[in-house]
Amino acid sequence: MAQGYRSRLFRDDGVVLRVQRLGESDRIITLLTRRTGRIRAVARGVRRTSSKFGARLEPFGHVELQIAEGRAGLHTVAQAEAVELYAGRITQDYPSYTAASAVAETAERLTPVESEPALRLFQLTLGALRALAVREHAPPLVLDAYFLRAMTTAGWAPALTECAVCATPGPHRAFSVPSGGSVCPACQPPGAARPAPATLGLMAALTSGDWKRADASDVGIRREASGLVAAHLQWHLERALRSLPLVDRTMKE
Amino acid sequence: MYEGAIQDLIDELGQLPGIGPKSAQRLAFHILSADPADVHRLAGALNRVKELVRFCNLCFNVAESDTCRICRDPRRGTEVICVVEEPKDVVAIEKTGEFRGRYHVLGGAINPLEGIGPDQLRVRELLTRLRDGEVKELILATDPNTEGEATATYLALLIKPMGLSVTRLASGLPVGGDLEYADEITLGRAFEGRRAL
Ligand SMILES: [Zn+2]
Ligand SMILES: [Zn+2]
């Protein structure tokens, strides 16, 4: 360790996306922050039961942080205060936990460059975790709404009304992931899906936040929408999401 | 980058959990400069652990025969099973002296971010053990952190319909810690104060 190296301290608030064990009792915390984008920081001694951090650096929490800037992109958590911790409520419900895990993994994957601000994605991520904690809507719907909106911020949301290729106003019956969403009869490639019209309607409702319509949708339509949303997301990500096959989409009546 | 054997060792050490490239390099050079007798003992211990240590057929704790010492002990009750994540948690609970039943070691906790779901853990084997109706209580002693709590939630949902009592260690354990770091008194109290799920 170089002598006399004084690291700069900065403050920000963020959500904990992932925690990984480091050595005997430390953890590397991956956070999506409001102003600094995605960062990684070491929390020392956090796994000891006497840790001053306690539950504050568990996944899915919204925390106010003081960070000591480190070299090579690995910072150190100097202080952490809870704004709102969601893990306790999220882990009481298994579908919420698996959905929250997929939200966290997606947020990490959509911020490939560290320390690059991603304010809209931060807000969406925080909103999705809060919604999963309070269980206002079915967890799979919250997850699909998050996927659709996160894809919108990334610039590759599926076309739902107009044709993805020629922009002819729809609604159109065919949907093609490689083409970018719903497609008109002229642009439709072979093998395009033909989802129920209500499925594209549900996807539009989830994108715009029309929860009244989304909550009223039936289970079959939700399943079909989930399939299309997941296929669209995976198409644009280089590697598959590890958490996606483990998402529990059991619908409670 | 180094050449040959020393780089091979750095690469191998770097595969271990919690060991980054710098630590791997530091360990490798420590081994290189260590007394040959010490290094032989380390190599021997590494070889023996894979040759001799197996997992108990019943509870998946570490064992040196088909079943572990605890499962073979006739004084241990068969009506209560305590579910833990890792063999080191068995050691931590044994130290409290509070538990006289048997264990089931899951081999981790459900963590979708790492691709670990119920099928990657010894959940099916647990259900098999519960099928004959001899077990009356299942104590969920997964870590008091996010993954451990979620695993307990999942198991409770799965097992409660089988009609046995499912309990969770008392919440006196600080959240965010590892079970192995809880002191014996706190962990002992958590056992006494376990609550039904
Ligand atoms: Zn078209
Ligand atoms: Zn055993």
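Here is how names work: the chains are called A, B, and so on, in the same order as the sequence lines, proteins then strands, and each is numbered from 1.
- Aromatic ring pairs are classed by plane angle as parallel below 30°, tilted from 30° to 60° and perpendicular above 60°; the pair A:Y94 and A:Y97 is tilted.
- In this structure, the side chain of B:Q120 engages the main chain of B:G117 through a donor-acceptor pair within 3.5 Å.
- Between the side chains of B:S165 and B:E137, not a single donor N or O lies within less than 3.5 Å of an accepting N or O.
- When the heavy atoms of residues 28-45 of chain B are compared with those of chain A, none of the residues falls under 4.5 Å.
- Each of B:L155, B:L158, B:L140 was compared with B:V166 under the side chain to side chain contact (heavy atoms under 4.5 Å, CB included) criterion, and only B:L140 meets it.
- Counting only N and O atoms by type, the side chains of B:E51 and B:N47 include no donor and acceptor under 3.5 Å apart.
- Looking at B:H104 and B:R122, their side chains never bring a donor and an acceptor atom within 3.5 Å of each other.
- For chain A, the nearby parts of B:L113 are the backbone and the side chain; heavy atoms of each come within less than 4.5 Å.
- In this structure, B:R54 contributes its side chain and B:V62 its backbone to no donor-acceptor pair below 3.5 Å.
- By the 6.0 Å contact criterion, CZ on B:R69 is open, its count of non-hydrogen atoms from other residues, nucleotides or ligands being 12 or less.
- In terms of modelled atom types and a separation under 3.5 Å, the side chain of A:R38 and the main chain of A:T111 share a donor-acceptor contact.
- At most 12 heavy atoms of other shown residues, nucleotides or ligands fall within 6.0 angstrom of atom CZ in B:R189.
- Contact annotation for A:I90: neither backbone nor side-chain heavy atoms come within less than 4.5 Å of a heavy atom of chain B.
- With a 4.5 angstrom heavy-atom cutoff, A:S96 does not touch chain B via any of its atoms.
- Per-residue heavy-atom pair counts under 4.5 Å with chain A were compared for B:L16, B:I116, B:L157, B:T153, and the maximum is reached by B:T153.
- For chain B, no part of A:E108 is nearby; none of its heavy atoms comes within less than 4.5 Å.
- With a 4.5 Å cut-off on non-hydrogen atoms, A:F53 does not touch chain B at all.
- No side-chain donor-acceptor contact under 3.5 Å links B:R76 to the backbone of B:D73.
- By a heavy-atom distance cut of under 4.5 Å, A:R242, A:S243, A:L246 are the residues of residues 234-247 of chain A near chain B, going up by number.
- Looking at A:E114 and A:R40, a side-chain N of the basic residue comes within less than 4.0 Å of a carboxylate O on the acidic one, giving a salt bridge.
- In summary, the side chains of A:D12 and A:T36 do present a donor paired with an acceptor at a separation below 3.5 Å, with no hydrogens or angles considered.
- The most heavy-atom pairs under 4.5 Å with chain A, out of B:A152, B:A150, B:S23, come from B:A150.
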